[in-house]
Amino acid sequence: MPITAVYAAVLTVLFVYLSGRVIAWRRTQQVEIGDGADKELLRRMRVHANFVEYTPFFLVLMGLAESLSSPKIILHALGAVFVVGRLLHAYALSQTPHVLKLRVAGMVLSLNALIFAASLCVVMALTRGGIL
């Protein structure tokens, strides 16, 4: 699954970056566990957590779609839309105050990529997966 591997690698870089932001702020504020009632730490934690909540589902769906021989161009389009969505969301939510329009755009792109990937899996399983 080389296409999924590429997007997993790109998303891993973003994951590590978001993790580093949380770790760095924890060190600066000397907060070992929880958010220490620090609003900036809570914001960074939520940006990171939101990424973690959506990304695994997308990568599983993308890998399944790729394993079902989905068209490469569709897989790349899905991957690109999801990455852009996650970047927009992370950036928007990291701002104080957050940038609502970009946050919404990021979620719309991310959720649409998830829905499309799930739909693609169903279509490919029905047409090429031999389940009927």
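Computed over heavy atoms, backbone and side chain alike; hydrogens, waters and symmetry mates excluded. Everything numeric in this text was worked out from a predicted model, so none of it was measured.
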Roughly how far, to the nearest 0.5 Å, is CG of Leu102 from OG of Ser94? 11.5 Å
For the hydrophobic clusters of this structure (ILVMFWY residues joined by side-chain heavy atoms under 4.5 Å, transitively), does one cluster hold both Val47 and Met45? no
Do Met62 and Val13 share a hydrophobic cluster (ILVMFWY, side-chain heavy atoms under 4.5 Å, transitive)? no
Which atom pair, heavy atoms only, marks the closest approach of Tyr7 to Gly79? CE2-C, 3.5 Å
Any chance you could lay out the side-chain contact (heavy atoms from CB on, under 4.5 Å) test for Val81 and Phe116, step after step, and finish with the verdict? CA-CA 11 Å; Val81 167; Phe116 194 89; over 6 Å; no
In short, Ala105 meets Leu88 closest at the heavy-atom pair CB-CD1, 4.3 Å
Please report the interatomic distance CE(Met1) to CG(Leu64), rounded to the nearest 0.5 Å. 7.5 Å
Hydrophobic cluster membership, with links at side-chain heavy-atom distances under 4.5 Å among I/L/V/M/F/W/Y: are Val22 and Leu42 in one? no
Side-chain donor/acceptor of Gln29 to backbone N/O of Leu41, under 3.5 Å: no
Grab the two heavy atoms, one from Arg43 and one from Leu93, that are nearest each other, plus how far apart they are. NH1-O, 2.8 Å
Using the rule given for salt bridge (charged side-chain N to carboxylate O under 4.0 Å, His left out), can you reason through Arg46 versus Glu53, listing the C-alpha separation, both sets of side-chain angles and the distance that settles it, and then say yes or no? CA-CA 10 Å; Arg46 282 307 310 149; Glu53 291 162 0; 3.3 Å; yes
Nearest atoms (heavy-atom pairs only) where Gly85 meets Ser110: C-OG, 3.5 Å
Quick check on the hydrophobic clustering: are Val84 and Leu75 connected, directly or via other members, by side-chain heavy-atom contacts under 4.5 Å? no
Check: Arg86/Thr55 side-chain N/O donor and acceptor closer than 3.5 Å: no
Which distance, rounded to the nearest 0.5 Å, do you find between the CG of Leu78 and the CD1 of Ile3? 10.5 Å
How many angstroms lie between CG in Asn112 and CE in Met107, if you round to the nearest 0.5 Å? 10.0 Å
Between CG on residue Leu61 and OG1 on residue Thr4, distance to nearest 0.5 Å: 10.0 Å
Is there a path from Phe82 to Leu111 through hydrophobic residues (I, L, V, M, F, W, Y) whose side chains come within less than 4.5 Å of each other? yes
Please name the pair of heavy atoms, one in Ala90 and one in Leu18, separated by the smallest distance, quoted to 0.1 Å. CB-CD2, 4.2 Å
Could you state the interatomic distance from OG (Ser19) to NE2 (His48), rounded to the nearest 0.5 Å? 3.0 Å
Is the backbone N or O of Arg21 less than 3.5 Å from a side-chain atom of Arg44, with the two atoms forming a donor-acceptor pair by type? yes
In short, Ser70 meets Ala65 closest at the heavy-atom pair OG-O, 2.7 Å
I'd like to know if the side chain of Gln95 reaches the main chain of Tyr91, judged simply by a donor and an acceptor atom lying under 3.5 Å from each other, with no hydrogens or angles considered. yes
Would you say the side chains of His89 and Tyr54 form a donor-acceptor pair under 3.5 Å? no
Measuring only between side-chain heavy atoms, which start at C-beta, is Trp25 closer than 4.5 Å to Val31? no
